[in-house]
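Take a look at the structure set out below.
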Amino acid sequence: EILPRCGISVLLLHYPNGLPDALRPDGRSSEESVARTAEHLQALALWYVASVQQPALPVALVGWSMGGAAVIEAGVGLLGRLALRGVATIASIRSVKPTSPKTLVRAGFAAAG
């Protein structure tokens with residue numbers, strides 16, 4: 001409620017059936033779950049920017065735990081495709097491609113420990 005009044009839109013991702021893939025009975029690996037979630041996030045972000053017809057709309061991705069890993073991977077996939085301004089993680093799991101954090105840093109995003 002407060003963020004939209006400040007001109008900030010938020011898209012919140014949910015896991016289908018309330019569980020990440022890695023915790024479901026069919027038990028995908030966390031790497032597969034991160035990749036799948038990152039793909040969904042990229043598609044959703046591109047759809048949103050196109051639907052509001054504002055290609056320069058600043059976008060920041062924020063994720064916690066597995067969501068942190070997903071926003072790192074999605075951020076790499078979105079570089080040059082929309083106006084990505086930031087990627088932030090909180091207590092992120094390490095299930096990311098080894099090159100992804102370096103790719104974001106080379107693109108101008110600062111890394112913090």
Side-chain angles (χ1 to χ4, degrees):
E1 183 177 301
I2 293 171
L3 293 176
R5 284 189 300 202
C6 296
I8 298 171
S9 297
V10 176
L11 297 175
L12 179 62
L13 299 178
H14 294 261
Y15 295 117
N17 303 320
L19 292 172
D21 291 339
L23 298 179
R24 290 189 177 169
D26 61 355
R28 284 191 175 105
S29 71
S30 61
E31 289 82 6
E32 291 173 309
S33 295
V34 167
R36 184 171 178 209
T37 303
E39 289 170 5
H40 291 174
L41 177 53
Q42 288 176 59
L44 182 60
L46 292 169
W47 167 83
Y48 181 77
V49 170
S51 72
V52 297
Q53 298 178 353
Q54 294 188 23
L57 180 72
V59 174
L61 305 175
V62 180
W64 171 59
S65 190
M66 187 181 116
V71 299
I72 290 171
E73 295 299 343
V76 169
L78 290 168
L79 286 173
R81 299 173 72 192
L82 50 70
L84 187 63
R85 297 292 183 256
V87 175
T89 67
I90 304 163
S92 180
I93 64 171
R94 297 181 146 206
S95 297
V96 296
K97 295 175 188 166
T99 57
S100 294
K102 294 174 188 173
T103 301
L104 290 174
V105 170
R106 280 195 302 271
F109 296 94

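Residues take their numbers from the sequence shown, with the count starting at 1.
Each of Leu104, Leu41, Val62 was compared with Val71 under the side-chain contact (heavy atoms from CB on, under 4.5 Å) criterion, and only Leu41 meets it.
The shortest non-hydrogen separation linking Gly68 to Ser92 is C-OG, 3.3 Å. When all heavy atoms of Val34 and Ser95 are compared, the closest pair comes out as CG1-O, 3.5 Å. Across all non-hydrogen atoms, the minimal contact from Ala38 to Ala70 is CB-O, 3.6 Å.
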Give every donor-acceptor pair under 3.5 Å between a side-chain atom in residues 73-87 and any protein atom, sequence neighbours left out.
{"unit_1": "Glu73", "atom_1": "OE1", "unit_2": "Ser100", "atom_2": "OG", "d": "2.8"}
{"unit_1": "Glu73", "atom_1": "OE2", "unit_2": "Lys97", "atom_2": "N", "d": "2.6"}
{"unit_1": "Glu73", "atom_1": "OE2", "unit_2": "Ser100", "atom_2": "OG", "d": "3.1"}
{"unit_1": "Arg81", "atom_1": "NH1", "unit_2": "Gln42", "atom_2": "OE1", "d": "3.4"}
{"unit_1": "Arg81", "atom_1": "NH1", "unit_2": "Gly77", "atom_2": "O", "d": "3.2"}

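Residues satisfying the side-chain hydrogen bond (donor to acceptor under 3.5 Å, both in side chains) criterion with Thr89, sequence neighbours excluded, are absent altogether.
Contact check for His40 versus Thr37: no side-chain heavy atoms found under the 4.5 Å cut-off.
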